[in-house]
Undergrad: 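Below are the C-alpha cells for one structure; questions will follow.
As the structure is a computational prediction, the values presented were derived from the model and not from experiment. Convention: sequence-line order gives letters A, B, ...; per-chain numbering from 1.
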2 protein chains.
Amino acid sequence: MKVTINDVAKLAGVSMKTVSRVINKEPSVRKKTYDQVMLAVKELNYQPNIAARNLAGTSSFAIGLVYDNPNAYYVIDMQNGVLSRCRDEGYELVIHPCESNSENMAEEFVTMIKRSRLAGLVLTPPLSEQQSIIDMLDELGIHYVRLLSGRAQEAKNSANNCIFVDDYAAAYEITEHLIQLGHKKIAFVLGDEEHKSTTERLAGYRDALKAHDIKQDDTLLYHGTYSFESGVKGAKALLADGNPNQITAILGGNDEVAAGALFAARLMNIEIPGQLSISGFEDSPFSRQTWPKLTTAHQANNIISEHAARLLFSKTRGHRKNDKEVSHVFTPSMVVRESTGRITQ
Amino acid sequence: MKVTINDVAKLAGVSMKTVSRVINKEPSVRKKTYDQVMLAVKELNYQPNIAARNLAGTSSFAIGLVYDNPNAYYVIDMQNGVLSRCRDEGYELVIHPCESNSENMAEEFVTMIKRSRLAGLVLTPPLSEQQSIIDMLDELGIHYVRLLSGRAQEAKNSANNCIFVDDYAAAYEITEHLIQLGHKKIAFVLGDEEHKSTTERLAGYRDALKAHDIKQDDTLLYHGTYSFESGVKGAKALLADGNPNQITAILGGNDEVAAGALFAARLMNIEIPGQLSISGFEDSPFSRQTWPKLTTAHQANNIISEHAARLLFSKTRGHRKNDKEVSHVFTPSMVVRESTGRITQ
DNA sequence: TGCCAAAATGACAACGCTGTCAAATCGCTT
DNA sequence: AAGCGATTTGACAGCGTTGTCATTTTGGCA
C-alpha cells in the first residue's frame, strides 16, 4: 500500500541511501544510477514521507511566510506565489501572520521557527525592514529572503537574499504621467512613515517633479497610513476649504489610499478626473472596483513572491544542481485607467 | 539544548509514555501524575517535536483548509480563524487553494491529504457543497468539517460535521429592512447559481416578500456570479432603458456584487440611496470602502472558521477531555449603513 | 598492468515520538 | 487479608527518512 524508500531501493537495485541522494538532488550520483532510481520512483509513484524527512534531517521541509499586512489581496498573492514554488519543491508552507508592534511578536516568531525547524523564511514588508528581526535571524542562523522596497542600483550592492520592488521608479513614472497630463499641483497622500515603500515612492515623486522643474511644496504632502480611511482623511485635508493649494492631482500611497481619496472627492462633489486626477499603487483588484477605475502601477506580487521562494530554496539547498539565476529587482509598470486625465473644468 | 520527551519523563519520574499521554490529553492518567508531568513540562519549557509525532502517530498534527474563493478578505478571515485554533492546539495549518472546476483538482487534493497525512480538513464553500468531494473523503475515511449555507432547522438534522451560516435569515432581514423603508420593487443580483448561499439568500428574499404581501416578480432577478463585474452587469441590465420595472432597491448577492451595482448606478447618474437603495452580504472590508458605504449583513468569518476548526479537533481526537459543545449555526446580523434609505426623489 | 586519490555507494544508527501489549497498582468486595 | 476487575503505568519496537562513516568502484597516470 504505502511506498517507502526501501521499495524504491529494492526495485532500482540500489541502497536506500542512494535513493535518498537522488530525491534530494545531491551531486555525486552517477547519471545511470540516477535514471535507474527515477524510473523506479515513477513506476511506484513514490512520494517521500515529509514527517520522516523532517525528523531525520537537519531542517524540515517547510518554509515560513511572515506578514503583517492588512491588505488581503496582497497577502493572498504572496501566499499563492510562494505556495506554487513550495509545491514544486515538495515543501510545505507555514503561514505566519503577526503583529509587528505586539509585545511578544519576536517570541512567537522564534517559537514557530524552532517548533517547525523551518528551512527558511520569506519576510514581507514591513517586517522585512525591521533590523531587530534580521539580527535575530542572523544570530539564530536561519535562512531568509527579504522582500524590500528599493531601486535597481541598491539591489546590485545588497546581500544576495533580498528581492526589491522598485517603488521609486513606479512613483517616478506615475508622477511623470500626471505632469504630462498638465498637472503641476500634485499632492501625495503618503503611507506609513516607517515603511520603506513610503520613502521610496516619495523620492520618486520628488525626483520626477525636479526633473520637470516643478517646485516642491511640502504642504502638498499628507503623512498618513496605508489605509482607505487615511486616504479619505488625507484627501479631505488637502482639498479642504475650497482647495487653497489648487491641487489638481493626488497620488495615493497605495490603491486603498487612492480609493479613500476617491471616496472623499465624491463627498466633496469633485469630478474625477475632470477636476481632479487620482492614482494608486500596486494594482490590487479593487483598483478596478472603484468608480472610476484607478490609474495605478502594476506589481505582480504572486510572481515576486514566487521568486522570493525560489531564491530561498537556492540558498537553503546549496548543493543542488542547475539553479537558474533569479532576477532580484521588479519594477512595477504603470496602468492607466480612468482616474487620471487632463483638467477639463 | 533540545528538550525531549525523555528529559521530561526523567524529571517527572515517570515513563516517556506517560508524558506522551499527558501532552495528548489522553484519559486514564491520574491527576497527581498529570500535575507532576505538567510541572516538568513547564520547568523545561518542553515543546513536542511535531515531526516525530507525525512520523510515529497515526495521523499528522496538521489540518488542511481548502478553498476556492476569489474573495481575498474571506479567505484571510478563514485562515486566521482556523490558524488561531491550530496554534492553541499545537497543530499546523496547511492551506490549499484550488480550482474546483479544474481537471486534476481531486487528484491534487488527495495527493495533499496523503502526503501530509492530514488529521482533518476544513472545507469552505463552494467546495463544501460538492457531493463528489464529500464522497471521496468519506471513502478515504478522512475527517472533515463543512462550512455551509443553511438554516437553523437544517442544522439540527444534519450530520455533526457541518457549520451553517444562515443566509436565509440574513436575506430575510435585509429584505424586510428594505420593505420597511417603503421599497416594493426590490431587485436581486444573484451570485453563482450553483452556490447554496445563492439559493438560500433567494429563498429568504422571497419569503420576506411573501410575508409582506409583495408580489414576486422574476424579472427583478438577475442571475450572475459573485463578482464585482457581475454586479455592474446585473444592475445595468435591471436598470436599463429608464428602469422599466421601477426598481427602487437592489440586493447584491454579496458585497462585491453590491459594489458593482453601486458602480453601475454611478455610471447612470443614479443617486444612492435617494433614488436607489443597494445592499450587500458578508460585511467584507470593502463594504466600508464604497461610496456611500454599504448596508450589509455581518458575517464573522474568522469566528466561524475558528469554530469549524474547534469542531474538527473535537472529532479528530475523540478521547480528549472536556470539549465544550460548539454552536453549529451562525446567523449574520444586519449592518445598516448609507446605501439604503427611503426614496426621496 | 598496477596503483591511488576521488567519486560513488552502502550499512547502520539515530531522529523523538506513538502504538501495542504486558505489568503494576488501585479500589472494591468478601 | 485475600482476591479480582478496572485503572494506570511502563518497556519496547517501530514510523521512514537522513547523517555519518566505512567500503567499493572508477578513472587517470606511472
Side-chain angles (χ1 to χ4, degrees), chain A residues 1-10 12-37 40-41 44 46-62 90-92 114-117 119 316-321, chain B residues 1-10 12-37 40-41 44 46-62 90-92 114-117 119 316-321:
Chain A
M1 176 69 203
K2 194 164 284 174
V3 184
T4 78
I5 201 171
N6 263 308
D7 303 324
V8 178
K10 232 167 274 171
V14 297
S15 78
M16 194 165 86
K17 181 67 217 190
T18 297
V19 177
S20 170
R21 288 197 178 92
V22 170
I23 62 169
N24 286 300
K25 300 212 176 88
E26 288 179 30
S28 84
V29 173
R30 206 164 309 174
K31 176 82 169 57
K32 195 182 130 203
T33 318
Y34 180 91
D35 291 341
Q36 245 167 264
V37 172
V41 166
L44 299 173
Y46 167 65
Q47 297 242 309
N49 178 311
I50 297 193
R53 300 176 94 178
N54 289 348
L55 182 58
T58 320
S59 81
S60 82
F61 282 67
Y91 273 60
E92 292 189 325
K114 294 213 169 151
R115 260 181 73 87
S116 304
R117 285 166 63 247
T316 304
R317 318 206 290 187
H319 52 246
R320 228 156 105 261
K321 302 169 186 168
Chain B
M1 176 71 201
K2 195 164 281 171
V3 184
T4 78
I5 201 171
N6 264 308
D7 304 324
V8 178
K10 232 167 275 172
V14 297
S15 78
M16 194 164 84
K17 180 68 217 190
T18 298
V19 177
S20 170
R21 288 196 177 93
V22 170
I23 62 170
N24 286 299
K25 299 214 177 87
E26 288 178 30
S28 85
V29 173
R30 207 165 309 173
K31 177 82 170 55
K32 195 182 129 204
T33 317
Y34 180 92
D35 291 341
Q36 246 167 263
V37 172
V41 167
L44 298 173
Y46 168 66
Q47 297 242 309
N49 177 312
I50 296 193
R53 300 175 95 178
N54 288 350
L55 182 58
T58 320
S59 81
S60 83
F61 282 68
Y91 273 61
E92 292 188 326
K114 293 212 171 155
R115 259 182 73 87
S116 304
R117 285 167 61 248
T316 305
R317 319 205 289 187
H319 53 246
R320 228 155 104 264
K321 301 171 186 168

Undergrad: Once you round it to whole Å, what is the distance between C1' of D:dT17 and CG of A:Asn24?
TA: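 Taking atom C1' of D:dT17 as the reference, CG of A:Asn24 is at 9 Å.
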
Undergrad: Given C:dT9, is OP1 or OP2 found less than 4.0 Å from the side-chain N or O atoms of A:Tyr34?
TA: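 The answer is no; no side-chain N or O of A:Tyr34 sits under 4.0 Å from OP1 or OP2.
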
Undergrad: On DNA chain C, nearest-nucleotide positions of B:Ser20 versus A:Lys17: which is more 5'?
TA: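 On the 5' side of the pair lies A:Lys17.
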
Undergrad: Could you tell me if A:Asn24 and A:Arg53 have a donor-acceptor pair between their side chains, going purely by distance under 3.5 Å?
TA: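 A:Arg53 vs A:Asn24: donor-acceptor pair found between side chains.
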
Undergrad: In whole Å, what is the span from the NZ atom of B:Lys31 to the C1' atom of C:dT25?
TA: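 Value for this atom pair: 20 Å.
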
Undergrad: From C-beta outward on A:Met16, which listed nucleotide comes closest to its side chain: C:dG10, C:dC17, C:dC12?
TA: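 It is C:dC12.
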
Undergrad: What pair of heavy atoms forms the shortest contact from B:Arg117 to B:Gly57, and how long is it?
TA: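 Scanning both residues completely, I find the closest heavy atoms to be NH2-O, 2.5 Å.
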
Undergrad: Of A:Thr18 and B:Gly57, whose nearest nucleotide on DNA chain C comes first from the 5' end?
TA: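 It is A:Thr18, whose closest nucleotide lies nearer the 5' terminus.
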
Undergrad: May I have the distance from B:Leu55 (atom CG) to C:dA14 (atom P), rounded to whole angstrom?
TA: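 Atom CG in B:Leu55 sits about 16 Å away from atom P in C:dA14.
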
Undergrad: Please state how far atom OH in A:Tyr91 lies from atom C1' in D:dT17, giving the value in whole angstrom units.
TA: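 From A:Tyr91 OH to D:dT17 C1': 14 Å.
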
Undergrad: How close or far is atom P of C:dG19 from atom CZ of B:Arg53, stated in whole angstroms?
TA: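 Rounded to whole Å, this separation is 10 Å.
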
Undergrad: Quickly work out the A:Lys32 NZ to C:dA7 C1' distance and round it to whole Å.
TA: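 After rounding, the gap between these two atoms is 15 Å.
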
Undergrad: When you measure from the side chain of B:Phe61, which nucleotide among C:dG10, D:dG10, C:dT18 comes out closest?
TA: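 Nearest to the side-chain atoms of B:Phe61, counting from C-beta on, is C:dT18.
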
Undergrad: Does OP1 or OP2 of D:dC15 have a side-chain N or O of A:Thr4 closer than 4.0 Å?
TA: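 Looking at the OP1 and OP2 atoms of D:dC15, neither is under 4.0 Å from any side-chain N or O of A:Thr4.
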
Undergrad: I need the NZ-C1' distance between A:Lys114 and C:dC15, as an integer number of Å.
TA: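 Taking NZ of A:Lys114 and C1' of C:dC15, I get 18 Å after rounding.
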
Undergrad: Nearest of C:dC26, C:dA11, D:dG16 to any side-chain atom of A:Lys2?
TA: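 Output: D:dG16.
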
Undergrad: The side chain of B:Ser28 lies closest to which of these nucleotides: D:dT9, D:dT18, C:dG19?
TA: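 Nucleotide nearest to B:Ser28's side chain: D:dT9.
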
Undergrad: Do you know which two heavy atoms are closest between B:Tyr46 and B:Thr4, and how far apart they sit?
TA: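 Nearest heavy atoms, B:Tyr46 then B:Thr4: CE1-C, 3.6 Å.
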
Undergrad: Roughly, in whole Å, what's the span from CG in B:Asn6 to P in D:dC12?
TA: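 Between P of D:dC12 and CG of B:Asn6: 13 Å.
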
Undergrad: Which heavy-atom pair separates B:Tyr91 from B:Ala62 by the least distance, and what is that distance?
TA: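 Taking B:Tyr91 first and B:Ala62 second, the nearest heavy atoms are CD2-N, 3.5 Å.
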
Undergrad: Does A:Arg30 put a side-chain nitrogen or oxygen below 4.0 Å from OP1 or OP2 of C:dA8?
TA: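 Negative; the distance criterion is not met.
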
Undergrad: Does a distance-only test, which skips hydrogens and angles, find a donor-acceptor pair under 3.5 Å between the side chain of B:Arg21 and the base of D:dG10?
TA: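 Yes, a donor-acceptor pair under 3.5 Å.
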
Undergrad: If you pin A:Ala51 and A:Thr58 to their nearest nucleotides in DNA chain D, which one's is more 5'?
TA: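 Its nearest nucleotide being more 5', the pick is A:Ala51.
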
Undergrad: Looking only at non-hydrogen atoms, find the nearest pair between B:Ala51 and A:Asn54 and report the distance.
TA: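 For B:Ala51 versus A:Asn54, the nearest heavy atoms are CB-CB, 3.5 Å.
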
Undergrad: Among C:dT9, C:dA13, D:dG16, which is the nearest nucleotide to the side chain of A:Ala56?
TA: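 The answer is D:dG16, which lies nearest to the side chain.
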
